[in-house]
Amino acid sequence: MSPLLMHSARPLSGGVGTRGGVGRGSRGLLSCHRRGRSTLQKPLISSASASFQKRCEVVISAASTTSPSSSSSAQPDMEAVKQSHGSIGENDENGLMDAPLGSITFEEFAQYQAQESGKSESTLSIVVVGASGDLAKKKIFPALFALYYKGYFPETFTIYGFARTSMDDEEFRDLISMTLLCRIDEAENCGPKMDTFLDRCHYFSGQYDSVQSFTQLGAELDAQEAMLSSTANRIFYLSVPPNIFTNCAQGVSNGASSKTGWSRVIVEKPFGRDTESSRKLSNELMECLTEDQIYRIDHYLAKELVDNLTVLRFSNLIFEPLWNRNHIRNVQIIFSEDFGTEGRGGYFDNYGIIRDIMQNHLLQVLAILCMEPPVSLDAEHIRDEKVKVLQSMKPITMDDTVIGQYKKDRTGKLPSYLDDDTVPKGSLCPTFAAVALHIKNARWDGVPFLMKAGKALEKREAQIRVQFRHVPGNLYQSKLGTDLEGVTNELVIRIQPDEAMYLRLNNKVPGLGMRIDRTKLDLSYHQEYGEESMSAGAYERLILDVMQGDKRMFIRSDELDAAWELFTPLLHHLDEAKAQPELYPYGSRGPIGAHYLASKYGVRWGDAQE
């Protein structure tokens, strides 16, 4: 292979960006590239003229006399090249053979090289917009590294961080390297793989509301990708506040979209504050992107036990015949955190627990749990059924709602919500909410769906509890006692922590006599499948789905609209009435009103009995 071919195969660390200087291993050719013509919107080599192809062949031949370590100013003897290829020079109408080596840009040459080598695999570029933020550092970049470590990335890929903070590639690599961990202890080749991964990471400093910044980023991506493949796919992860989603989407669409492959954009929640703001955001995004390009991420859908819900329901004969109003008495979806806002009260106070957790995470779980069997596992078929569930729900009334806010614990050591310096004084923002939902269709009519979520509670957990009806005419009633709640069959799906599924059954205690006990058939994921199989995080799974174009676990615009239509009237009523939240101690089980809500439907919260 010629020296130029060998050198051009190396990834660039510099480019047409706002940074000064160039990365290692690229100085010679990069200066040649910068002196060349603009690389924006170059045609693929497949459509280039025969004259250009011959020119590339001349460059390769001429470059073979140049050492790989030659500086960018070293030029081959072009006169000698022209003498040995006289016919090319005579047919070169534009006099390109008289031009120096630098007039052939990286993109042009790399496209030629990819065609000549028969390379067909596409390359992938992932741009994390908001790369200096906490979410990017703590979740996104570790997930990207985990996917690379496990072999899910294509052979050629590039990762870019985009943010307003000024830093170079090395500073950026140092920043993200702090959070990159191998998920398996003593994992093989972790160090070398991490080094390789970091070497593929680059940084671009720009403004989120500047199309020019995104255009410059696009030019730099063009240069990187052109050396790797003739087809380049791009993912843009918008890890930024919602008020700049639209600006970033416009920048991506107008300045940084791939010209040779697909471009996909991941949007983080919150998707608005109510129906009106959500629709406005969706319309603005749709002005510059198509629905197929938009991936509205809800990381809760990628939790292992949530992802398993369709498998549990539709591939096990024992459950689906029971999955209806005739056998199920109530369903509870419970989310609790054992910590407060911890300095994030300023953000939380703008949304509250209903917008932050219920309207998205828990409602999505409910939709999957209750939907009809889809036509297929195609993303659109699944999302069609979820939308039907959401549209079948009755409006939420204040009588079916309880809100709360945590105060100091009983010892006075743990702070109240209002003690958070970032929370406005006198805030009425709920840190706890419980609601009763009702689905008006043939399968679920009359079954209450109890949902609660809160901060600063007794423990951290998320679970689904499906409580079945009492056994009619139970022959063992005298042995079971009068507490029917304690002997009801119940399917519990523990989403976090310690993922598990267990079925509560009544069973005879071994030995003489007849004594009945409530026991459980327990499937602990960590015991059954091992720690290694449970190491994949939600963000890994979702990013992989974006790479593969699988939208099953992403939210469609009409689905989002239906979710907001359900909760917006309640939210507006709470705001307009300035509803006073019931206070509950930090570290407790929440406000007593939640228990009255459950008793209204003749049930108890299942987590309170464990």
(message) Taking A302's backbone N and O only, do any of them form a donor-acceptor pair with R541's side chain (distance below 3.5 Å, no angle check)?
(response) yes

(message) Restricting to non-hydrogen atoms, name the atom on V129 and the atom on V240 that form the minimum distance, rounded to 0.1 Å.
(response) O-CG1, 3.5 Å

(message) How close do A136 and S239 get, counting heavy atoms only, and between which atoms?
(response) N-OG, 4.0 Å

(request) State whether the side chain of R273 and the backbone N or O of N350 hold a donor-acceptor pair below 3.5 Å, judged by distance alone. (result) yes

(request) Could you verify whether a donor N or O on one side chain and an acceptor N or O on the other, from D498 and H526, lie under 3.5 Å apart? (result) no

(request) Please answer whether the main-chain N or O of I464 pairs with a side-chain N or O of Q332 as donor and acceptor at a distance below 3.5 Å. (result) no

(request) Work out which heavy atom in L362 is nearest to a heavy atom in A453; give both atom names and the distance. (result) CD1-CB, 4.0 Å

(request) Verify, without hydrogens or angle tests, whether S282 (side chain) and S278 (backbone) share a donor-acceptor contact under 3.5 angstrom. (result) yes

(message) Less than 4.5 Å apart, side chain to side chain, heavy atoms only: is that true for V402 and V435?
(response) no

(message) Looking at D356 and I353, would you say the former's side chain and the latter's main chain have a donor-acceptor pair under 3.5 Å?
(response) no

(request) First locate atom CG of D400, then atom CD1 of I396, and finally report the distance between them rounded to the nearest 0.5 Å. (result) 8.5 Å

(message) Exactly one of V128, V546, V127 should register a side chain to side chain contact (heavy atoms under 4.5 Å, CB included) with I235. Which one does?
(response) V546

(message) For the CG atom of N360 and the CD1 atom of I357, what is their distance to the nearest 0.5 Å?
(response) 6.5 Å

(message) What's the separation between atom CG in L147 and atom CD1 in I126, rounded to the nearest 0.5 Å?
(response) 7.5 Å

(message) What's the separation between atom NE2 in H299 and atom CD1 in I543, rounded to the nearest 0.5 Å?
(response) 12.5 Å

(request) Can you establish whether the number of heavy atoms outside F319 located under 6.0 Å from its atom CZ is more than 12? (result) yes

(message) Please check if the number of heavy atoms outside L523 that lie under 6.0 Å from its CG is greater than 12.
(response) yes

(message) Taking G340's backbone N and O only, do any of them form a donor-acceptor pair with E342's side chain (distance below 3.5 Å, no angle check)?
(response) yes

(message) Test ring-ring contact (aromatic ring centres under 6.0 Å, His included) on Y148 and Y152; report intermediate values, then the result.
(response) CA-CA 6 Å; Y148 167 69; Y152 287 105; over 10 Å; no

(message) Are more than 12 heavy atoms, taken from residues, nucleotides or ligands other than Q527, located less than 6.0 Å from that residue's CD atom?
(response) no

(message) With salt bridge (Lys or Arg N to Asp or Glu O under 4.0 Å) as the test, pick out the partner of E380 among K386, R552, R556, K551.
(response) R556

(request) Taking the side chain as every heavy atom from C-beta outward, state whether L571 and R355 have any atom pair closer than 4.5 Å. (result) yes

(request) Check whether any side-chain heavy atom of L366 sits under 4.5 Å from a side-chain heavy atom of L437, and report yes or no. (result) yes

(message) Does E461 form a salt bridge (Lys or Arg N to Asp or Glu O under 4.0 Å) with R494? I'd like the steps, not just the answer.
(response) CA-CA 8 Å; E461 66 178 1; R494 189 165 61 224; over 6 Å; no

(request) Specify the closest pair of heavy atoms between L124 and P154, including all atoms of both residues, with the distance to one decimal. (result) CB-CG, 3.7 Å

(request) Show your working on ring-ring contact (aromatic ring centres under 6.0 Å, His included) between Y406 and F432 and close with a plain yes or no. (result) CA-CA 8 Å; Y406 67 88; F432 176 98; over 10 Å; no

(message) Keeping R443 on the side-chain end and W323 on the backbone end, is there a donor-acceptor pair under 3.5 Å?
(response) yes

(request) Kindly write out the residues that satisfy side-chain contact (heavy atoms from CB on, under 4.5 Å) with P585, not counting sequence neighbours, or none if the list is empty. (result) K407, R410, S588

(request) Ignoring hydrogens and angles, tell me if any N or O in the side chain of R329 forms a donor-acceptor pair with the backbone of G602 under 3.5 Å. (result) yes

(message) Under a 3.5 Å threshold, yes or no: a donor from one side chain and an acceptor from the other, between T397 and D399?
(response) no

(message) Could you measure the distance from the CZ atom of F245 to the CZ atom of F271? Nearest 0.5 Å is fine.
(response) 7.0 Å

(request) Would you check if there is a donor-acceptor pair between the side chains of E559 and Q364 at a distance under 3.5 Å? (result) yes

(request) Ignoring hydrogens and angles, state whether a donor on the side chain of Q405 or Y584 is under 3.5 Å from an acceptor on the partner side chain. (result) no

(message) More than 12 heavy atoms of other residues, nucleotides or ligands under 6.0 Å from NZ of K440: yes or no?
(response) no

(message) Can you see whether D409 engages T411 through a side-chain donor-acceptor pair at a distance of less than 3.5 angstrom?
(response) yes

(message) Quiz question: by atom type and distance under 3.5 Å, do the side chains of D550 and Y295 form a donor-acceptor pair?
(response) no

(message) If only side-chain N and O atoms count, and only distance matters, is there a donor-acceptor pair under 3.5 Å linking Q463 with R465?
(response) yes

(message) Are I159 and R200 packed together at the side-chain level, in the sense that at least one heavy-atom pair is separated by less than 4.5 angstrom?
(response) no

(request) For the pair R504 (side chain) and L521 (backbone), establish whether a donor and an acceptor sit closer than 3.5 Å, ignoring hydrogens and angles. (result) no

(request) Of all the heavy-atom pairs spanning R460 and P497, show the shortest one and how long it is. (result) O-CD, 3.2 Å

(message) Once rounded to the nearest 0.5 Å, what's the spacing between atom CZ of R383 and atom CD1 of I368?
(response) 11.5 Å

(request) Please tell me if the side chains of F157 and F197 come closer than 4.5 Å, counting only heavy atoms from C-beta onward. (result) yes

(message) Is it true that D349 and Y417 share a donor-acceptor pair across their side chains at a distance under 3.5 Å?
(response) yes

(request) Begin with the C-alpha distance, continue with both residues' side-chain angles, and end with the deciding distance and a verdict on ring-ring contact (aromatic ring centres under 6.0 Å, His included) for H438 and F449. (result) CA-CA 6 Å; H438 305 272; F449 290 84; 8.3 Å; no

(message) Using only atom types and a distance under 3.5 Å, with no angle test, would you say the side chain of N324 pairs donor to acceptor with the backbone of N326?
(response) yes

(request) Write down the atom of G272, the atom of L281, and the distance for their closest heavy-atom approach. (result) N-CD2, 4.2 Å

(request) Check the side chains of N308 and Y525 for a donor-acceptor pair under 3.5 angstrom, ignoring hydrogens and angles. (result) yes

